Protein chains: 2
Amino acid sequence: MAAGTTQDTELVGSLVQLMYVLQDLYAETSRPLGLTPQQAHLLCVLLAGPLGMTELSRIMSIERSSLTSMVDRLERRSLVERLPDPADRRACRIALTGPGTELADQAHSAYTDRIAELTGNLPAGQRNAIVAAVATITRPPE
Amino acid sequence: MAAGTTQDTELVGSLVQLMYVLQDLYAETSRPLGLTPQQAHLLCVLLAGPLGMTELSRIMSIERSSLTSMVDRLERRSLVERLPDPADRRACRIALTGPGTELADQAHSAYTDRIAELTGNLPAGQRNAIVAAVATITRPPE
DNA sequence: TATTGTTATACTCTATAACTATA
DNA sequence: TATAGTTATAGAGTATAACAATA
């Protein structure tokens with residue numbers, strides 16, 4: 001069993017609350033752009049460059065078949081496109097279109113602004129601690 | 001526009017990453033219990049006591065009509081029940097049943113354990129900083 | 001008239017299982 | 001045989017609009 005002190009309980013509660021605050025923020029910010037939070041996530045992931053379905057499904061923690069329908073819907077709106085993979089005729093590369101890139105940029109900026117607003121008054125010590133903690137958490141002992 | 005320094009960007013990225021880590025964790029933990037993350041959330045909110053539909057929808061940030069179908073599904077599985085509100089015949093109070101309470105406790109414990117595991121190695125300074133930061137964030141200037 | 005909750009409807013998200021085409 | 005992606009299907013989450021009953 002994991003260590004369980006009173007401090008743990010408080011930390012866990014804080015993190016859960018934080019998750020919900022961020023989720024709500026993400027949803028509220030995506031909506032006016034005509035995107036679901038999942039669609040915004042997908043577009044923002046693609047800002048780094050085109051990806052294959054398998055890799056994209058891994059990054060987003062969803063099944064490939066679920067991703068197929070998401071990409072279908074975004075492709076119908078001309079926000080992404082399926083490009084052939086020159087190295088593998090089974091595979092395709094999902095890429096942002098021009099409008100898709102623009103919208104992804106908007107979503108990213110809007111989200112960044114909202115969080116920056118929310119965290120603008122935190123002292124530097126807390127900000128640094130959070131960045132350091134997240135770095136530790138997201139790089140688990142392999 | 002919000003203040004935008006290099007540190008902001010790093011903090012925002014960290015928080016977004018943290019949100020996704022926690023979301024995945026929540027989903028993975030809920031699944032084996034036969035619950036979606038949203039259902040687990042609802043049950044855990046009710047651990048504090050019965051609530052009306054309007055209040056519950058406000059807490060969960062979803063429309064009342066969306067909540068109706070969620071409660072329907074949970075009621076079919078005898079995890080929650082609709083109790084009459086003695087003070088208002090239009091209203092009802094959503095309450096956990098015995099099995100519902102048990103499952104909510106399990107979900108809460110499982111989630112707490114997983115996060116405690118994830119954050120077990122963080123130094124005390126970072127833990128305290130996170131708790132303090134979340135307290136600030138979730139209590140915005142009214 | 002305002003509020004509580006539901007119904008009807010439409011879409012999106014998601015998983016599982018079975019499939020096609022290529023490696 | 002294994003992998004990349006799709007199709008078919010089913011269930012869950014969600015919003016909007018219209019509604020019923022009560023306050």
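The chains referred to below are lettered A, B, ... by the order of the sequence lines, with proteins before strands, and numbering in each begins at 1. Every value quoted in this text rests on a predicted model; they were computed, and no experiment measured them.
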Considering heavy-atom distances to DNA chain D, does B:Arg76 or B:Ile62 have its closest nucleotide positioned more toward the 5' end?
-> B:Arg76
Ion pair A:Arg93/A:Asp88, N-O distance below 4.0 Å | no
Salt-bridge criterion met for B:Arg127 and A:Glu10 (N-O under 4.0 Å) | no
Rounded to whole angstroms, how far apart are CE on B:Met53 and P on D:dA15?
-> 13 Å
Of the nucleotides D:dA15, C:dT4, C:dA23, which one has an atom closest to the side chain of B:Ser66?
-> D:dA15
So what does A:Asp88 touch, heavy atoms closer than 4.0 Å: a base, only the sugar-phosphate, or nothing?
-> sugar-phosphate
So, is B:Arg31 close to the C:dT14 phosphate, meaning a side-chain N or O under 4.0 Å from OP1 or OP2?
-> no
Round to a whole Å and report the spacing from CG of B:Leu67 to C1' of C:dT7.
-> 15 Å
Counting only heavy atoms not in A:Glu55, do more than 12 sit closer than 6.0 Å to its CD atom?
-> yes
Toward the 5' end of DNA chain C, by each residue's nearest nucleotide, B:Gly52 or A:Gln39 | B:Gly52
Would you mind reading off the distance between A:Asp72 atom CG and D:dA8 atom P, rounded to a whole angstrom?
-> 11 Å
Specify the separation, in whole Å, of atom CD of B:Glu75 and atom P of C:dG5.
-> 13 Å
Toward the 5' end of DNA chain C, which comes first, A:Gln38 or B:Arg64, by nearest nucleotide?
-> B:Arg64
Ignoring backbone atoms, test whether B:Arg89 places a side-chain nitrogen or oxygen under 4.0 Å from the OP1 or OP2 oxygen of D:dA21.
-> no
Side-chain contact check for A:Thr36: nearest option of C:dC13, C:dG5, D:dT16 is C:dC13
Could you state the atom-to-atom distance from CG of A:Leu33 to C1' of C:dT12 in whole Å?
-> 17 Å
Rounded to the nearest Å, what distance is computed from the CD atom of residue A:Glu63 to the C1' atom of nucleotide D:dA10?
-> 15 Å
Indicate whether OP1 or OP2 belonging to C:dG5 is found under 4.0 Å from a side-chain N or O atom of B:Arg82.
-> no
In whole angstroms, the gap separating C1' of C:dT14 from NE2 of A:His41 amounts to 15 Å
Side chain of A:Thr54 only, please: which of D:dT6, D:dG5, C:dC13 is the nearest?
-> D:dG5
Is the base of D:dG5 touched by the side chain of A:Arg90 through a donor-acceptor pair closer than 3.5 angstrom?
-> no
Quick one: A:Leu35 CG to C:dC11 P, roughly how many Å, whole number?
-> 18 Å
For the residue pair B:Arg77 and B:Gly34, what are the closest heavy atoms and their distance?
-> NH2-O, 2.9 Å
Heavy atoms, side chains only, cut-off 4.5 Å: are B:Val131 and A:Ser14 in contact?
-> yes
Can you figure out which of C:dT16, D:dT14, C:dC13 approaches the side chain of A:Ser65 most closely?
-> C:dT16
